[in-house]
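Notes to accompany the following structure.
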Amino acid sequence: MKGMHKIVIKVGSSTLTQGTQTLSRRYMLGLVQQIAHLKSQGLQLVLVSSGAIATGRELLNSAKETQSSPSKQAFASIGQVKLMQTWLELFSLLDLQVGQVLLTKDDFSRSKCDLTRKTFTDLLQHIIPIVNENDTIATQETRIGDNDNLAALVANLIEADTIILLTDQEGLYTADPRFNPDAKLIPIVKYIDETIFALATGSSTSVGTGGMVTKIEAAQIASRAGIRTIIASSTFPNVLIDLVEGKQIGTLFLEESTTSKSEKILTAFMERSRNQSLNEYNFSITQGGKTE
Ligand code: GLU
């Protein structure tokens with residue numbers, strides 16, 4: 001695909017564990033090999049990796065001495081270490097350096113976003129940043145809540161051109177393909193409106209980790225910032241390389257032609273989500289006093 005230079009790749013927990021309780025090193029290695037290939041082609045890549053809470057849960061639950069029931073923060077704290085250790089080992093096999101970036105909503109605020117952007121600019125020159133939400137210290141107020149939206153915020157901040165959301169579905173369907181044999185994959189979405197959200201809601205209950213709704217939210221943020229989003233199946237062996245080479249896989253959400261300024265997107269995001277969980281959040285932007 002033309003114009004892919006700076007890509008944010010997001011992988012969810014169920015993809016990284018391949019539906020089990022533990023991280024799948026085999027799957028992760030496949031991803032690392034593709035990322036290494038793309039990096040060697042000169043692309044700038046950011047990996048948004050979930051899996052901390054799932055990994056921590058697995059580790060703590062299997063530790064018999066645990067008395068009380070651990071919090072998500074505890075799971076995240078323990079799991080993030082293991083998650084990064086695993087990425088580090090796998091990327092090291094291909095002589096690639098990675099670094100951890102843990103973020104909360106605050107890091108995208110007006111007062112901090114320049115610093116966050118500068119950090120990414122610096123890191124991208126040397127390493128592959130691996131991003132997750134800082135679930136251990138995020139509060140209700142500062143939580144983003146899901147890594148699809150986090151990926152969109154990062155992409156917007158660093159002015160990426162593409163977001164690839166890898167998931168356990170092939171893309172967005174006209175109906176839930178598990179229940180409806182006539183469901184068709186939608187290859188391109190030109191504009192995200194309520195009908196698109198309605199399709200996502202219909203298929204979000206038990207498919208994928210963050211579900212389809214948060215992916216559409218992310219695509220909408222991205223689209224308004226002039227960034228394209230692709231939702232694609234993590235099960236295709238060379239999905240990242242194929243996408244960069246222009247193969248039509250999954251669902252492509254086109255960027256809006258009237259590119260909005262990053263700052264406006266971030267401001268709108270901060271304002272709208274201040275008192276609201278992102279999972280319930282229907283993203284919209286205030287423009288010229290009117291809400292789109
Ligand atoms: N940050 C969470 C984790 O690492 C994942 C959130 C998500 O799946 O969207 O476990």
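First listed ligand is number 1; within each ligand, the first listed atom is number 1. Computed from a prediction, not measured in an experiment: that's the story for all the values here.
In terms of polar-atom proximity, defined here as any N/O pair under 3.5 Å, Asp146 makes no such contact with ligand 1. The N/O atoms of Gly145, backbone and side chain alike, include none that comes under 3.5 Å of an N/O atom in ligand 1. The shortest N or O to N or O distance between Asn147 and ligand 1 is under 3.5 Å.
Using a 4.0 Å cutoff on heavy atoms, Gly51 counts as a contact of ligand 1.
Of the charged side-chain nitrogens involved, none lies within less than 4.0 Å of a carboxylate oxygen, so that Arg117 and Glu159 do not count as a salt-bridged pair. A salt bridge is defined here as a Lys NZ or Arg NE, NH1 or NH2 lying under 4.0 Å from an Asp or Glu carboxylate O, and Asp135 with Lys72 fails to meet this definition.
Residue pairs that meet the salt bridge (Lys or Arg N to Asp or Glu O under 4.0 Å) test with at least one member in residues 39-51, sequence neighbours left out, do not exist here.
A distance of 3.5 Å separates CG in Asp193 from OG1 in Thr195, rounded to the nearest 0.5 Å.
Here the side chains of Tyr191 and Glu256 are in contact, with some heavy-atom distance below 4.5 Å.
For ligand 1, the atoms closer than 4.0 angstrom to any heavy atom of Ala52 are 3 (C), 4 (O), 10 (O).
Taking each of Asp135, Thr55, Leu83 in turn, the one with a heavy atom nearest to atom 1 (N) of ligand 1 proves to be Asp135.
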